[in-house]
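Following: one structure in structure tokens, then a few remarks.
It should be emphasised that the depicted structure is a prediction, and the values quoted were computed from it without experimental measurement. Any value given below was found using the heavy atoms of this structure, including those in side chains, with hydrogens, waters and symmetry copies removed.
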Amino acid sequence: MTKREMIAILGMVIADDEKKICKLIEYLVNWDEIGIRLLGTAYDGLTALQLINEKKPDILLTDIRMPGMDGLRLIEEAKMQNEILKCIIISGYKDFQYAQQGMRVGVRDYLLKPINQEDLTRTLKKLVKETQEQISIQSSRLHLEETIKNYTGTFKHLFLKTVLQKQLDEQEENILQEVEKINAADIMKNSARCIAVKPNISYREFTKESYQLLTEKTLEIAEVEFSSHNWIWISEVTEEGIFFLLFSDALDRKELLESINHIKERVLSLQDLFPRLYFNAVVSEQADSCIQLIKRIKESRIAIGNRFLTGLNTVSEIKTPFINAGLSSAMDARILKLLEDRPEAFDMEEIKKCVEAARHIMKAEDITSCLQVKKNLLLLLNYYLNGFKQLDSSLDEHEKESWFSEMYEHSTSLEQTFRLLEDTLCETLMNVLDHLKNREIKPVIYAKHFIEENKGINIKLEELAKNTGFSYTYFSSLFKKETGKTLSEYIQMVRIDTAKKLLTEKERSISEVAELAGYNDIKFFTRQFKKTLGVSPNEYRKLFTNR
């Protein structure tokens with residue numbers, strides 16, 4: 001994924017009556033890098049307002065003093081159309097009275113002429129970040145409101161679903177602000193615990209159908225178990241696992257652990273249906289408020305993700321205070337250094353060496369968080385996928401990354417995650433090379449067919465290369481690699497082979513044979529024929545006739 005693809009592109013309009021200033025701003029800013037598309041420039045306030053109404057920008061950069069309408073009036077009018085429009089004032093007047101007036105009408109920053117590139121870039125980056133966060137919050141709010149509007153389940157279920165959709169690094173307080181729109185009082189009438197369960201099939205045997213069936217069976221077993229205790233509970237299935245919230249003010253810890261272990265035994269008894277079946281579960285501490293429950297859900301997600309470190313087929317408790325080991329910057333630095341030192345050429349052996357080196361780096365760091373492992377495995381994956389993309393532009397690296405992330409959740413050990421990465425990269429490279437080979441062989445086949453069908457025509461080699469979609473230089477080298485001959489040598493071979501067949505027909509004259517074989521000059525034909533076969537066309541005909 002390129003940096004530009006990672007940044008949402010925002011639109012901006014520049015308004016300044018000095019054309020040189022507008023051109024300078026265009027020149028100073030690396031638009032792609034900061035995620036802004038320049039929608040247009042205007043040299044007076046009225047034209048700028050018309051441009052804003054037409055283009056609907058996210059950011060306005062305007063001078064204060066302009067003909068037709070000054071910058072402050074322009075901002076007032078523009079924000080009536082779009083109240084979240086981010087506005088920056090530029091002016092040659094060091095009078096902070098303008099800045100104060102600007103703040104009242106919603107100006108976000110103030111730049112003085114002559115414009116400094118560093119200040120301009122920093123200001124724009126800040127506004128891009130603010131705008132993206134605002135858009136994200138609005139989108140999230142609208143999504144939640146729409147979900148609530150259309151939701152037919154319980155508020156408790158919607159609460160769990162909403163929290164599980166959040167990133168693990170999102171602040172609990174921010175999540176709470178969203179879920180408070182769901183009836184929070186109804187959710188926390190009782191204390192609650194989060195249980196995360198991961199029934200698993202190794203990615204080597206994984207199919208969506210089999211895993212869906214395993215999930216359904218696990219839910220059935222859990223329903224029977226929890227119902228036998230008359231517990232109030234809800235569940236939600238994600239790629240990370242199955243998450244349960246159990247609500248009770250008097251939930252006996254020992255009884256709960258026995259029930260989870262009973263579920264584990266029942267699930268593992270399905271080995272006949274699912275060979276190489278594994279099961280892990282984690283049980284959170286009790287939560288007595290919504291924000292505590294959000295924390296317990298997050299802790300459960302992290303803990304079930306760390307199942308590689310606790311071993312297979314375990315049921316474990318999360319002890320409070322839960323300590324999630326911080327990500328190792330030293331490990332990140334060593335992995336980045338590893339990639340910097342890799343050779344440019346990508347081949348299977350180099351990939352295997354790189355994955356093995358990364359494995360040694362991560363193992364040496366005494367891993368305490370599988371989030372760190374996944375982060376660095378994705379870094380390695382994307383490094384190579386970006387390289388493969390340069391070889392084959394049709395490669396969908398996002399699809400590959402999505403598939404890898406899904407299969408990572410079905411790995412059963414740290415060692416298996418490294419094998420998964422190696423398998424993914426080697427298989428992808430093999431597919432890329434096969435695709436390139438097929439893409440290159442087809443034009444060669446076309447060229448050979450064209451030459452054989454049109455040997456009597458004065459073939460223009462540059463035109464032939466152009467018809468295949470390649471440059472003449474590249475196609476010539478490609479053709480020689482596949483046939484062992486240059487284009488000219490191959491054309492000559494085809495024409496001589498044609499002449500050999502025609503010479504066996506006695507009724508055709510030598511000049512007629514030469515013409516049909518694509519030669520306009522009989523003397524040149526005779527020289528080429530003798531040079532190739534060691535005999536003249538007449539001598540070849542006599543040799544064939546005497547047999």
Quiz item: Would a distance-only check, ignoring hydrogens and angles, find a side-chain to backbone donor-acceptor pair under 3.5 Å from Thr238 to Glu240?
Solution: yes

Quiz item: Do any N or O atoms from the side chain of Ser402 and from the backbone of His398 form a donor-acceptor pair under 3.5 angstrom?
Solution: no

Quiz item: Which is it for Ile335 and Met362 under the side chain to side chain contact (heavy atoms under 4.5 Å, CB included) test, yes or no, and what are the steps along the way?
Solution: CA-CA 8 Å; Ile335 293 294; Met362 289 192 230; 4.2 Å; yes

Quiz item: Between the side chains of Ser248 and Asn190, is a donor N or O closer than 3.5 angstrom to an acceptor N or O?
Solution: no

Practice problem: Would you confirm whether Lys298, through its side chain, and Glu170, through its main-chain N or O, come within 3.5 Å as a donor-acceptor pair? | Solution: yes

Quiz item: Is there a donor-acceptor contact under 3.5 Å linking the side chains of His410 and Glu406?
Solution: no

Quiz item: Is the backbone of Leu309 close enough, under 3.5 Å, to the side chain of Asn306 for a donor and an acceptor to pair up by distance?
Solution: no

Quiz item: Between Gln117 (side chain) and Leu28 (backbone), is there a donor-acceptor pair under 3.5 Å?
Solution: yes

Quiz prompt | Short side-chain donor-acceptor distance under 3.5 Å, Glu299 and Ser284 | solution = no

Quiz item: Do Lys198's NZ or CZ and the ring of Tyr278 fall within the cation-pi criteria of under 6.0 Å and 45°?
Solution: no

Exercise. Going by the side-chain contact (heavy atoms from CB on, under 4.5 Å) test, name the single residue among Thr218, Leu213, Leu219 that passes it with Thr215.
Key: Leu219

Self-check item: Whether over 12 other heavy atoms sit under 6.0 Å from Gln271 CD
Solution: yes

Practice problem: Kindly say whether Ile84 contributes a backbone atom to a donor-acceptor pair with the side chain of Lys79 at under 3.5 angstrom? | Solution: no

Exercise. Start with the C-alpha distance between Tyr408 and Phe308, add both sets of side-chain angles, then the distance that settles ring pair (Phe, Tyr, Trp, His ring centres under 6.0 Å), and finish with yes or no.
Key: CA-CA 11 Å; Tyr408 174 90; Phe308 302 147; 5.7 Å; yes

Exercise. Can you establish whether the number of heavy atoms outside Glu118 located under 6.0 Å from its atom CD is more than 12?
Key: no

Quiz item: Rounded to the nearest 0.5 Å, what separation is found between the CD atom of Gln165 and the CD1 atom of Ile175?
Solution: 11.0 Å

Quiz item: Is a side-chain N or O of Lys389 found less than 3.5 angstrom from the main chain of Leu395, in a donor-acceptor match?
Solution: yes

Quiz prompt | Heavy-atom pair of closest approach, residues Ile234 and Lys156 | solution = CD1-O, 3.1 Å

Exercise. Show the numbers, then the answer: is there a side chain to side chain contact (heavy atoms under 4.5 Å, CB included) between Arg359 and Val355?
Key: CA-CA 6 Å; Arg359 188 181 74 84; Val355 173; 5.6 Å; no

Quiz item: Are Asn174 and Glu172 close enough that a side-chain donor and a side-chain acceptor fall under 3.5 Å?
Solution: no

Quiz item: Which atoms form the tightest heavy-atom contact between Ile9 and Ile36, and what is the distance?
Solution: CG2-C, 4.2 Å

Quiz item: At their closest point, which heavy atom of Thr417 faces which heavy atom of Ser411, and how far apart are they?
Solution: CG2-CB, 3.7 Å

Self-check item: Glu173 side chain to Gln177 side chain, donor-acceptor N/O pair below 3.5 angstrom
Solution: no

Quiz prompt | Crowding at NZ, Lys126 (>12 non-hydrogen neighbours, <6.0 Å) | solution = yes

Practice problem: Mark yes when over 12 heavy atoms from residues, nucleotides or ligands other than Lys56 sit less than 6.0 Å from its NZ; otherwise mark no. | Solution: yes

Quiz item: Residues two or more places apart in sequence or in another chain: which of them pass side chain to side chain donor-acceptor pair (under 3.5 Å) with Arg419?
Solution: none

Self-check item: Side-chain donor or acceptor of Asp288 paired with backbone N/O of Ser191 under 3.5 Å
Solution: no

Quiz item: SG of Cys354 to OH of Tyr383: how many Å apart, nearest 0.5 Å?
Solution: 7.0 Å

Self-check item: Closest contact, heavy atoms only, Thr412 versus Leu312
Solution: O-CD2, 3.1 Å

Exercise. Compute whether any side-chain donor of one residue and acceptor of the other, for Ser210 and Thr207, lie under 3.5 angstrom apart.
Key: yes

Quiz item: Does a donor on one side chain and an acceptor on the other come within less than 3.5 Å for Ser202 and Gln416?
Solution: yes

Practice problem: Any chance you could measure Glu317, atom CD, to Leu256, atom CG, to the nearest 0.5 Å? | Solution: 8.5 Å

Self-check item: Lys/Arg-Asp/Glu bridge criterion (N-O < 4.0 Å) met for Glu285, Lys295
Solution: no

Quiz item: Are Leu246 and Ile232 side-chain neighbours, meaning at least one heavy-atom pair lies under 4.5 Å?
Solution: no

Practice problem: Taking the six-membered ring for Trp and the single ring otherwise, decide whether the centroids of Tyr211 and Phe274 are under 6.0 Å apart. | Solution: no

Quiz prompt | Atom CZ of Arg122: over 12 foreign heavy atoms under 6.0 Å | solution = yes

Self-check item: Full working for salt bridge (charged side-chain N to carboxylate O under 4.0 Å, His left out) between Arg266 and Glu225
Solution: CA-CA 10 Å; Arg266 291 282 310 279; Glu225 182 67 32; 5.9 Å; no

Self-check item: Pair Gln81-Asn53, side chain to side chain contact (heavy atoms under 4.5 Å, CB included): steps then yes or no
Solution: CA-CA 8 Å; Gln81 303 297 325; Asn53 289 335; 3.3 Å; yes

Exercise. Provide the closest heavy-atom pair for Lys400 versus Asn431 in the form atom of the first, atom of the second, distance.
Key: NZ-ND2, 4.4 Å

Quiz item: Can Leu38 and Glu26 be said to form a side chain to side chain contact (heavy atoms under 4.5 Å, CB included), step by step?
Solution: CA-CA 8 Å; Leu38 184 58; Glu26 288 185 48; 3.4 Å; yes

Quiz item: Of all heavy-atom pairs between Glu239 and Glu409, which one has the smallest distance, and what is that distance?
Solution: O-CB, 3.6 Å

